[in-house]
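For reference, the structure discussed in these notes is given below.
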2 protein chains.
Amino acid sequence: MALGKNYEGQNCSLARALELVGERWTLLIVRDAFYGVRRYGDFLVHLDIPRAVLADRLASLVEVGILQRRRYQDSPPRDEYLLTDRGVELWSVIYPLWSWSERHYGAGEPFRTFRHATCGTELDPASRCPTCGVDVSPRDVEAHTGPGVPAQPRQDPVSVALRERPHRLLQPLL
Amino acid sequence: MALGKNYEGQNCSLARALELVGERWTLLIVRDAFYGVRRYGDFLVHLDIPRAVLADRLASLVEVGILQRRRYQDSPPRDEYLLTDRGVELWSVIYPLWSWSERHYGAGEPFRTFRHATCGTELDPASRCPTCGVDVSPRDVEAHTGPGVPAQPRQDPVSVALRERPHRLLQPLL
DNA sequence: CCCAGTCAGTTCGTTCAACGAACCAACCGC
DNA sequence: GCGGTTGGTTCGTTGAACGAACTGACTGGG
């Protein structure tokens, strides 16, 4: 019997990947980690996610080596969550999925753009810089506010910070 | 209140994409469509998925323009499901996700490899042909049986057909 | 004509994941 | 001591996925 996230009858690495990152909310947590969100409370208010689900997903992402925990305070003990190198490689999935959706389902102008930090050019759908002609690593990507404006802009600290100024991926946001 | 697949508080194309393809089983159905699976019954036996879930997912994928229905028989009326051009673009998500998982979680040799059909070279993680130096479209990709052997090889018609001989993506399998 | 088999679903009761609300412990500062 | 903050945990409710059974419309064979 296949439960919740289990695809055990499938001899396939795609199925295995979906067991790891296919649960509800998981890839959005990873997205936020790319934005530089690191703390439980910040993920919580940006995602509007049930607390127990967030705790469960963060623990799972740490367990499978996509996120790592890092102590940022000893009294009381407080950890933050950062992408591992393995986690950073998920940009190759997250960016094309965003791009595909933006191209086909975007309503008007994008709310956000991703640019080559070195030269400022918007990435192409294959996450290359059309100006420099190079594959752009997420560490060299800057998230910018796009020309589109959402009907209901979010007011949580993460959304506000992302709107205020361009932000290099993987750098702490708050 | 966020329900099942809804991320309506997120002003983000990634979240929108996950509303469309993030439900359990959906990306595996799309994967099978790339293999050339087209009929309800073939998806059913290859995925071991509940019938109602398959019907629901196929209907949703048609509704959002990832799959299209095509009549293959009038009496009784019988439809098959093919990827649209928009659906075919999801290769840019599916292949990197498979590749990421294979690299980090694969147990030994891969059960499957994806090769540039024109020259036979295995694709690199960015779905390029290292020999020809070109980006390889899924229409020019051949799925091969890999050197690894699953502990419990599947015996459904789709799995058998995929094992028998290399198969060009998007071509009918059965 | 009847029956069995096949196909692509639909229905229904059960189980499990996600949900929202409440609570908890361990701090810190006033 | 109290209130606020943080990062959770617990618990009853709700909705999605599940497995089993059923359905209608054929086809082919006896």
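Below, chain A is the first sequence line, B the second, and so on; all start at residue 1. Small disclaimer: the values here were computed from a predicted structure and weren't measured.
Applying the ring pair (Phe, Tyr, Trp, His ring centres under 6.0 Å) test to every pair with at least one member in residues 39-77 of chain A, sequence neighbours left out, gives no pairs at all.
Partners of A/Phe34 under the ring-ring contact (aromatic ring centres under 6.0 Å, His included) rule, at least two apart in sequence or in another chain, are A/Trp91. Legend: residues meeting ring-ring contact (aromatic ring centres under 6.0 Å, His included) with A/Tyr105, ordered by chain and number and at least two apart, are A/Trp100. The side chain to side chain donor-acceptor pair (under 3.5 Å) search around A/Asp140 returns A/His116, A/Thr118, not counting sequence neighbours.
When rounded to the nearest whole Å, the span between CG of B/Asp56 and P of D/dA17 equals 7 Å. Look at CZ on B/Arg39: it is 12 Å from C1' on C/dA8, rounded to the nearest Å. Atom CG in B/Leu54 sits about 17 Å away from atom P in D/dA20, given to the nearest Å. Regarding B/Arg24, its CZ atom lies at a distance of 18 Å from the P atom of C/dT15, rounded to whole Å. Regarding B/Gln73, its CD atom lies at a distance of 10 Å from the P atom of C/dC7, rounded to whole Å.
Residue contacts for A/Phe43: at a heavy-atom cut-off of 4.0 Å it reaches no nucleic acid atom on any strand shown.
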Under 3.5 Å, side-chain donor or acceptor atoms of residues 126-133 of chain A against the rest of the protein: list the pairs with distances, not counting sequence neighbours.
from	atom 1	to	atom 2	distance (Å)
A/Arg128	NE	A/Asp135	OD1	3.2
A/Arg128	NH2	B/Asp135	OD1	3.0
A/Arg128	NH2	B/Asp135	OD2	2.9
A/Thr131	OG1	A/Thr121	OG1	2.8

Item checked: Heavy-atom protein contacts under 4.0 Å, nucleotides 22-28 of chain D, coded B base, S sugar-phosphate only, - none -> --B-SS-
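At least one side-chain nitrogen or oxygen of A/Tyr72 sits closer than 4.0 Å to the OP1 or OP2 atom of D/dG7. A close approach under 4.0 Å does not occur between any side-chain nitrogen or oxygen of A/Tyr81 and OP1 or OP2 of D/dG7. OP1 or OP2 of D/dC18 lies within a sub-4.0 Å distance of a side-chain N or O belonging to B/Trp25.
A distance-only check finds a donor-acceptor pair linking the side chain of A/Glu19 to the backbone of A/Tyr7 [under 3.5 Å].
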